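In what follows, every heavy atom counts, from backbone to side chain, and hydrogens, waters and symmetry copies are set aside. What you are looking at is a predicted structure, and each value in this text was computed from that prediction instead of being measured.
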Amino acid sequence: MATERYNPRTSEPRWQKAWEEARLFETKNDDGRPTYYVLEMFPYPSGRIHIGHTRNYTMGDVVARYKRAKGYNVLHPMGWDAFGMPAENAAIQNKIHPKEWTYDNIATMRSQLKMMGLSLDWAREFATCDVDYYHRQQMLFIDFYKKGLVRRKTSKVNWDPVEQTVLANEQVIDGRGWRSGALVEQRELAQWFFKITDYAEDLLSAIDGLDDWPEKVRLMQRNWIGRSEGLSIRWALAEDTAPAGVGELEVYTTRPDTIFGASFLAVAPDHPLARKAAEGNPALATFIEECRHMGTSVAALETAEKKGFDTGIRVKHPFDAEWTLPVYVANFVLMEYGTGAIFGCPSGDQRDFDFANKYGLPVIPVVMPEGADAATFEITAEPYVDDGVMLNSRFLDGMSNKEAFEEVASRLEKETLDGKPVAKRKVNFRLRDWGVSRQRYWGCPIPMIHCDTCGVVPVPKEELPVKLPDDVDFDRPGNPLDRHPTWRHVKCPQCGADARRETDTMDTFVDSSWYFARFTSPHADSPVEKDVVNRWLPVDQYIGGIEHAILHLLYSRFFTRAMRDTGHLDLAEPFKGLFTQGMVVHETYRAEDGRWLTPAEVRIEGSAGERRAFEIATGKEVAIGPLEKMSKSKKNTVSPEDITESFGADTARWFMLSDSPPERDVEWTDDGAAGAHRFVQRAWRLITEAAPAIGDITPKAARDGDAAAISKPAHKALKAVGEDIERLAFNRAIARIHELVNDLQGPFAGLDKADEETRAAAREATEILIHLIAPFMPHLAEECWAAIGGKDLVAASRWPDFDPELVLDNLIVLPVQINGKKRGDLTIAREADQAAVEKAVLELDFVQKALNGAPPRKVIVVSQRIVNVVA
RNA sequence: GCGGACGUGGCGGAACUGGUAGACGCAAGGGACUUAAAAUCCCUCGGGCUUCGCCCGUGCGGGUUCGAUUCCCGCCGUCCGCACCA
């Protein structure tokens, strides 16, 4: 019997309206059921939602709908990470105010998201650029300040000497400003910092408790914090080479054991000693000046060619005053790490080795692998960086390098230089304090006032918020707040004299470090309401991109601790479960003249192996580029409307989760989307064609007979899909649903002639199928539910329970291997014991043939799994 | 440069804690239905061979094991992060 095709264009808006009218997704804080908080990283309002966003939100939505069906009070909110540079770039390019640009984008993207049928609580929506939000962020800043978690110090920025502005790292390309093309300089500015390093130890050790985080993210965070135990060693300068007034150089090392392999010391270009030495040395000053043009990013420094400059200063070896070593200024030594100075042991470190070879410095092997011969061991092509046995190291010879570490540390702790110990044991962290100052307009103003007499004074809370002025211009580069005629002029809250506002705004990472807490009480006067936020946090399942694995998550973990220590909430870890999803990628197309083309502008011919692309407008062939993350610049984006208009939101949701595992990238293909839509129609047809036969039947599972062929696969799928969703294995869940539909296809064909028992089983299986589909394709599920005469909404109904008896089979099929290769199967009762299985296996034809009359050497029976006969 | 991942048919991928490699889907080929098309349904689909079965096969080279996509060692390739992109 033919039924009409499912029409998502009419169906989807209808059900979205039904959910909205029933206010199904508006979460009440005082609901008594157990809570479940699922959150996807909120988007930056760049202009349009693309399919990559929607994949992320669909994952969260599947979890939210599933958990709701499992009886939880689910919080699933949405907001906008709305401050940031693109709004200012748009202001400069298109003469549109950042606020207008941002709120326009939000309006567009909100309506795009709504088309996806996401079960979001829109009543809690906010944007971080809402005055209401950044007002509370300023409260938090002042609380942190009063708690001693904020400090001011100087740090380096990228300075564009032509534009006279600070550049972000991404705006520095090959050491030049992206707009001006001028060579970037490093410049020191006084800036605001959060003292995240106060929590370094705790942020590190608490990672152990984050069981529901991916191991790779935990590892990345550990490495980022970078705790090391080492020795801080003071090296005396040789008097005749030292600049006036400087007597020593302090070096941090994690390898004091290699101290007899040292052949040079190196300091950062902005180390005080380097500056001092440069005063009387123009060539050195020139070298340091060159280093200052490298930009400030660590990646840029470390990928640059390693260069050093001999200062002429020499230091005395701590164990031998007669032995002196040269001090270099080196472009790869970072002032921010340790003491900004290192000693180089070329035989034990690749970078030191390269450096020594470049500048003709000695390479003395001091550690060799266990068992090597000290008389013949040499370092030639590469250094030896692993643990081992000491050599060429006087009193350390023969010790393990671990013992040598202890020996050097305890000896140097006792030695003195100018009356103080030569060395101190020191725990060092790679993690640096978090610089939050940005010299930009479109961010949360830092609520501080500079007074000539009182110094830095926080804005009194009752005078908050410090609002961004609307009347700004972007005709010139630089921070419009700085040149605003009136905004920065205020009275000092302490003495009443004329004073100046801080014109720096906050890093947008601050905005995203507590939004998850704000969602619990989005309209409260205080940043959060303690009892409410305590009940909802931590977020049960947080979902977002791997690109945020370190900074955003670390900052949020710091913020939660800081909010705890300022009395706003009572927990340390904001995210219980974390999932990092992959990106949606698409081929790129580029015309001969270099223009990027969108997928819609291109026609594809041929198939696998020999595909060619042609520009529709010109008919000319264009190059097919590699799969890349969808981006505006490469034009390889697919927008949700493209799909919803042709196939509907359900098809898009289904496709994005179907093939690739969620943590991996997914390639958007039109064929794949069409295939997903075929399944939508197939499920619709299966259910609506069955509807007349099962309309008035009471659902009942069948355990035996033909009808069990309907109930068993349904209950097996019910069990598997539930487990797969819990594990976020959406692609597997979808494969299980495909299998169920395949399994039901046959038995459902003759339903109109079937007996009562079969119809009851079919009714039950259909209800299960609809529930399985519902988290993924909620609109289709509602339409199917209505088609079989279901009352109420699927979105408001309970997840069914599977019958444990139906998911187990009495007979199982065991693969049988001979010498590890599969040669056949054995069908046997599930409860058969080891001996019975072994006996049955040895009776099999192909086993006897393989054994050729001889007894088997061994029979391995892995219960319920496999049998291996070793001949 | 440092840190982290990933690599399986023509394609996306599945394979639980070391236990049947290729589930499920896409593409392709063949067939049915149709005046025709679309839609739908059925069959084939890693490679090879002496094809009732055997051999090879999970980036490459070794190793451990009764058994390795999975564990170990060494390579190769691709991707992500690196503190002012969000």
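A salt bridge links A/E305 with A/K358; the closest basic N to acidic carboxylate O contact falls under 4.0 Å.
When distances run from any side-chain atom of A/N223 to the nucleotides B/U20, B/G4, B/C54, the shortest one goes to B/G4. Side-chain proximity of A/L219 to the nucleotides B/A14, B/G4, B/C24 is greatest for B/G4.
In the interface, the side chain of A/D671 is not paired with the base of B/C26 through any donor and acceptor atom under 3.5 Å apart.
In B/G9 the base sits syn relative to the sugar, since the glycosidic angle is no further than 90° from 0.
Counting non-hydrogen atoms under 4.0 angstrom, A/P43 reaches nothing in the nucleic acid. The residue A/A299 sits close to a base: some heavy atom pair falls under 4.0 Å. Heavy atoms of A/L301 sit nowhere under 4.0 angstrom from any nucleic acid atom. Among the heavy atoms of the strands, none lies under 4.0 Å from A/F332. Among the atoms of the strands shown, base atoms are found under 4.0 Å from some heavy atom of A/V166. Note on A/K822: a base of the nucleic acid sits closer than 4.0 angstrom, heavy atoms only.
As the counterpart of B/U51, no nucleotide is assigned, since no Watson-Crick or G-U wobble pattern has both distances under 3.5 Å. The nucleotide B/C33 finds no pairing partner, because no Watson-Crick or G-U wobble arrangement with both distances shorter than 3.5 Å includes it. The base-pairing partner of B/A28, taking Watson-Crick or G-U wobble contacts with both distances under 3.5 Å, is B/U44. A 3.5 Å limit on both hydrogen-bonding distances identifies no Watson-Crick or G-U partner for B/G18. In this entry B/C60 has B/G74 as its Watson-Crick or G-U wobble partner, both defining distances falling under 3.5 Å. Pair check for B/C85 finds none; no Watson-Crick or G-U wobble contact set falls under 3.5 Å.
Ring pair A/W434/A/F558 is perpendicular by interplanar angle, where above 60° counts as perpendicular and below 30° as parallel.
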